[in-house]
Amino acid sequence: ESLTHMLALNLDDNMLGEKVAHRIAEMIANKHIHLENLKLAKNDFGPEGCLVIAEAFADNRRITSVDLSYNRMDEEAGKALAESILVSMP
């Protein structure tokens, strides 16, 4: 519930790993959380973690800025992120 009013979340440089990537994807898809800015750089997310995060954006029209730099995003996750952004645009 404490995240429902937060607009920005900076989790940069925490080396959170794959398991946490799945939890972040759940948070992104949560309709009750109104984040607009999400910083997730340098968290040791692999291709699978980046993919689940990218796919979560398809259901989220509130986030306007995300940083996934310095993670191990592959081509599939990059394409999923691009498609999610296109789908979520008004």
Side-chain angles (χ1 to χ4, degrees):
E1 187 173 322
S2 62
L3 290 177
T4 59
H5 300 293
M6 187 180 306
L7 297 179
L9 181 60
N10 184 347
L11 295 173
D12 282 354
D13 205 10
N14 281 295
M15 303 303 283
L16 299 172
E18 291 291 289
K19 289 182 182 178
V20 177
H22 288 269
R23 299 291 294 170
I24 289 171
E26 292 172 12
M27 177 190 68
I28 291 168
N30 186 323
K31 304 282 188 211
H32 300 290
I33 295 177
H34 300 286
L35 282 174
E36 295 176 0
N37 184 329
L38 185 56
K39 295 184 179 185
L40 299 171
K42 298 180 186 175
N43 274 300
D44 196 34
F45 299 147
E48 180 186 340
C50 290
L51 180 62
V52 296
I53 288 171
E55 289 173 343
F57 285 108
D59 295 325
N60 185 310
R61 295 183 180 194
R62 298 169 306 278
I63 294 179
T64 58
S65 175
V66 62
D67 182 0
L68 280 166
S69 62
Y70 299 101
N71 288 292
R72 293 174 286 128
M73 183 180 294
D74 64 3
E75 184 177 342
E76 181 183 7
K79 286 180 180 179
L81 181 59
E83 289 171 8
S84 293
I85 291 169
L86 289 174
V87 167
S88 67
M89 292 176 66

CG (Asn37) and CG (Asn10) are apart, to the nearest 0.5 Å, by 8.0 Å
Sequence neighbours excluded, the answer for side chain to side chain contact (heavy atoms under 4.5 Å, CB included) partners of Ala41 is Asp12, Asp67, Ser69
Separation between CG (Leu86) and CZ (Phe57), nearest 0.5 Å, reads 14.0 Å
Between the CD atom in Glu48 and the CD atom in Glu18, the distance rounded to the nearest 0.5 Å is 5.5 Å
**OP:** For Asn30 and His32, indicate whether the former's side chain and the latter's backbone hold a donor-acceptor pair under 3.5 Å.
**Re:** yes
message: Checking the side chain of Asn43 only, and the main-chain atoms of Leu11 only, is there a donor and an acceptor separated by less than 3.5 Å?
response: yes
Do the non-hydrogen side-chain atoms of Ile28 and Ile63 ever get within less than 4.5 Å of each other?
yes
Residues at least two apart in sequence or cross-chain that pass side-chain hydrogen bond (donor to acceptor under 3.5 Å, both in side chains) with Arg23, listed by chain then number, are Glu26
Asn14 versus Lys42: any side-chain heavy-atom pair under 4.5 Å?
no
Looking at Glu83 and Lys79, is there a salt bridge between them, counting it only when a charged N and a carboxylate O are closer than 4.0 Å?
no
Between Ala21 and Gly49 the two heavy atoms that sit nearest each other are CB-CA, 3.5 Å
One should read off an interatomic distance between His22 NE2 and Phe45 CZ, to the nearest 0.5 angstrom, of 10.0 Å
- Message: Could you see if Val20 belongs to whatever hydrophobic cluster contains Tyr70? Use Ile, Leu, Val, Met, Phe, Trp, Tyr and a side-chain cutoff under 4.5 Å.
- Response: no
In this structure, CD of Glu36 is separated from OG of Ser65 (nearest 0.5 Å) by 10.0 Å
Closest heavy-atom pair, Ala56 versus Ala25, reported as atoms and distance to 0.1 Å, is CB-O, 3.4 Å
Quick check on the hydrophobic clustering: are Leu51 and Leu40 connected, directly or via other members, by side-chain heavy-atom contacts under 4.5 Å? no
Taken in chain and number order and not counting sequence neighbours, the residues that satisfy side chain to side chain contact (heavy atoms under 4.5 Å, CB included) with Arg72 are Asp44, Pro47
Requested in this report: Run the numbers on Lys31 and Asn60 for side chain to side chain contact (heavy atoms under 4.5 Å, CB included), then give the verdict.
Outcome: CA-CA 8 Å; Lys31 304 282 188 211; Asn60 185 310; over 6 Å; no
(message) Less than 4.5 Å apart, side chain to side chain, heavy atoms only: is that true for Leu81 and Glu55?
(response) no
- Item | Non-hydrogen side-chain atoms of Ile53 and Val66 separated by less than 4.5 Å | no
CZ of Arg62 to CD1 of Ile33, rounded to nearest 0.5 Å, is 8.0 Å
